[in-house]
Amino acid sequence: RPLSVKEADDITHRLEMDIKRCGLSLHSVGHDYMSPAFDLYGQITEEDVDRKGMRDYLALINGERKIMHNHFRYTNLCFSNPAVRRRLTDFFVNYVTEKPQVDFLHIWLADSPNTNCECENCKKGNVSDQYIKILNDVDCAFSAKGIKTKIVFIMYNDSCWAPMSERLNNSDRFIFMSAARQNYISGYTDYDKSVKIPEFVLNGNTTEKTNFPLNMSFFREWRKIFKGDAFFFDYHLYSDHYCDPGYCQISRRLMRDLKLLDNIGVNGYMHCSTPRKNMPTSYPTYMSGKILMDPTLSEEEISKEYYSAAFGKDWQKVYAYLNRLSELFHPDLVRNTALGAADEMFDKNGVKIHLPYMNNPEALEDFLKIGDVISDFETVIAENVRHQDTCVRKSWKILQVHAKIARKLAEGLAAGAAGDMAAAQNVCRDLVKQLRAFEEDYVYDFDFYLLYRRLKVTFGFATHAFSSVAEDI
């Protein structure tokens, strides 16, 4: 059964207390604070809106005030409405009063572009102008109550455009977070610094989310008016790591990007990622923490420290094996990091459009090698999977399951590279069934939903862009 709101709150509280016991800083909220603010959770109907008497609180779009996609997460409000701003301010004051453990309160807008209010008052300025007013309201209320909690505000979607006239009144209260976004190939390396920012169009912005040069132009405009602390929020380990079953290529690119943060002018990095990304290893996460603390460390130093602790005496064999998988899987051929890929990579009939790995003889040659590489290494796994050390044994068991998943994934990619997507889809059905069988025992190690989403949207293994799990198996 689904968790109740109370059960979810109880679990969250226990996690928050554990975070504080570890001496870590606690970040909280982000999107979807409207749900607790208005006591409406999950899928919301228009009847729910009317029952709560909040129709006038919603953004006016095309002459209507409606919930977007049946969820508050994707719905903006009429932020020029004084009643809305009071309701939100009161909610945030009560939230941090009840949760004094929160060090950084994230106040974001809806997780959906072009869903902003078009009423006459909200049209004055741009989205960020209305956003700044809310932030100033909350800051003022915090100061009146003696609340010291920092507020994190975000450059994302329509708030990429810096405000035209409004400014933060108390910059010491705020931390600026840029949802940097990029293609996970060139990353934060040399980029065109002359890219011009397009004109803001209310509910008509069409910028590419992964255009890093453009995002950096937005970032520089924001930095002209806010000189305070700033960090990046990026998605290397959200689901892009599933394009790299060895985790080695994505780890190197993540390390490269983290080492460039100082040059860009930001003071840190936060992952937007699934917490369940420990298959085949937890190395990308471990490496991130090490590099953020000491960017002078090398891959050799960190990999030796991690792999030897995780796998014991045969760690170098694991390291070589996973590097070989990263090489043979050709992550860049299957990578498509656009979040709208479900729309962009399928035609109007839901048929997958050609991707670089499809009908690719060179890729096929390498995909066909993967099974033998895995078979050879399974003898090493068998020698270690009963290791006397509990943690090392768990690492090898995860690797054992990963080998089965990687083998099946390679079969599907090979079918696609040979031009037989029908066969690839059949392999996907078997793989999804396999993943479901593993999920209960390894629920903390891999994220079934995000991996399944990558299989259907990025790899093109689904029968239709919007098919369900039931249809795909």
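What you see below is based on every heavy atom in this structure, not just the backbone, and it leaves out hydrogens, waters and symmetry mates.
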With a 4.0 Å cut-off on N to O distance, would you call [X] and [Y] a salt bridge?
X: Glu46; Y: Arg55; answer: yes
X: Asp332; Y: Arg253; answer: yes
X: Arg73; Y: Asp32; answer: no

Heavy-atom side-chain proximity of [X] to [Y] below 4.5 angstrom:
X: Asn121; Y: Gln130; answer: no
X: Trp222; Y: Ser128; answer: yes
X: Leu364; Y: Asn360; answer: no
X: Gln249; Y: Glu327; answer: no
X: Leu435; Y: Phe446; answer: yes
X: Ile107; Y: Val152; answer: no
X: Leu409; Y: Pro245; answer: yes
X: Asp39; Y: Lys52; answer: yes

Parallel, tilted or perpendicular, as decided by the 30° and 60° cut-offs, for the rings of [Y] and [X]:
X: Phe448; Y: Tyr452; answer: parallel
X: Tyr191; Y: Phe212; answer: perpendicular
X: Phe329; Y: Phe367; answer: tilted

With ring pair (Phe, Tyr, Trp, His ring centres under 6.0 Å) as the criterion, how do Tyr269 and Phe233 come out once you've worked through the C-alpha distance, each side chain's angles and the decisive distance to 0.1 Å? CA-CA 6 Å; Tyr269 177 101; Phe233 182 77; 8.4 Å; no
To the nearest 0.5 Å, what is the distance between [atom1] ([X]) and [atom2] ([Y])?
X: Asp244; Y: Ile250; atom1: CG; atom2: CD1; answer: 7.0 Å
X: Phe92; Y: Ile151; atom1: CZ; atom2: CD1; answer: 8.5 Å
X: Met54; Y: Ile44; atom1: CE; atom2: CD1; answer: 7.0 Å
X: Met177; Y: Met270; atom1: CE; atom2: CE; answer: 6.5 Å
X: Asp447; Y: Leu237; atom1: CG; atom2: CG; answer: 12.5 Å
X: Arg181; Y: Cys160; atom1: CZ; atom2: SG; answer: 9.0 Å

N/O donor-acceptor pair under 3.5 Å between Asn267 side chain and Phe231 backbone: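 The answer is no, because no donor-acceptor pair under 3.5 Å joins these two groups.
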Checking Arg220 against Ser217: is there a side-chain donor and acceptor pair closer than 3.5 Å?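 Per modelled atom types, Ser217 and Arg220 side chains form a pair under 3.5 Å.
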Between Asn183 and Thr210: side-chain donor-acceptor atoms closer than 3.5 Å: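 On atom types as modelled, these side chains do not qualify, holding no pair under 3.5 Å.
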Non-hydrogen atoms of [X] and [Y] that approach each other most closely:
X: Ala415; Y: Ala424; answer: CB-N, 3.7 Å
X: His69; Y: Ser112; answer: NE2-OG, 4.2 Å
X: Phe72; Y: Leu77; answer: CE2-CD2, 4.4 Å
X: Arg65; Y: Cys117; answer: NH1-SG, 4.0 Å
X: Phe219; Y: Ser178; answer: CD1-CB, 3.8 Å

Considering residues, nucleotides and ligands other than [X], do more than 12 of their heavy atoms fall under 6.0 Å from its [atom1]?
X: Glu7; atom1: CD; answer: yes
X: Lys20; atom1: NZ; answer: yes
X: Lys66; atom1: NZ; answer: no
X: Lys196; atom1: NZ; answer: no

Using salt bridge (Lys or Arg N to Asp or Glu O under 4.0 Å), reason through Lys6 and Asp9 one step at a time and then give a plain yes or no. CA-CA 5 Å; Lys6 183 182 184 307; Asp9 284 344; over 6 Å; no
Begin with the C-alpha distance, continue with both residues' side-chain angles, and end with the deciding distance and a verdict on side chain to side chain donor-acceptor pair (under 3.5 Å) for His236 and Gln182. CA-CA 9 Å; His236 294 79; Gln182 42 119 343; 3.0 Å; yes
Quick one: do Thr97 and Asn94 satisfy side chain to side chain donor-acceptor pair (under 3.5 Å)? Show the steps, please. CA-CA 5 Å; Thr97 299; Asn94 292 336; 5.4 Å; no
Candidate pair Tyr95 and Ser28, rule side chain to side chain donor-acceptor pair (under 3.5 Å), full reasoning: CA-CA 10 Å; Tyr95 184 86; Ser28 189; 2.5 Å; yes
May I have the step-by-step check of salt bridge (Lys or Arg N to Asp or Glu O under 4.0 Å) for Lys123 and Glu118, ending in yes or no? CA-CA 6 Å; Lys123 285 197 295 186; Glu118 298 168 350; over 6 Å; no
Which one of Asp234, Asp240, Asp257 satisfies the side chain to side chain donor-acceptor pair (under 3.5 Å) criterion with Tyr184?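 Of all the options given, the one that passes is Asp234.
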Residue from Thr207, Val201, Asn126, Asn116 passing side-chain contact (heavy atoms from CB on, under 4.5 Å) with Asp158: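 Of the listed options, the one satisfying the test is Asn116.
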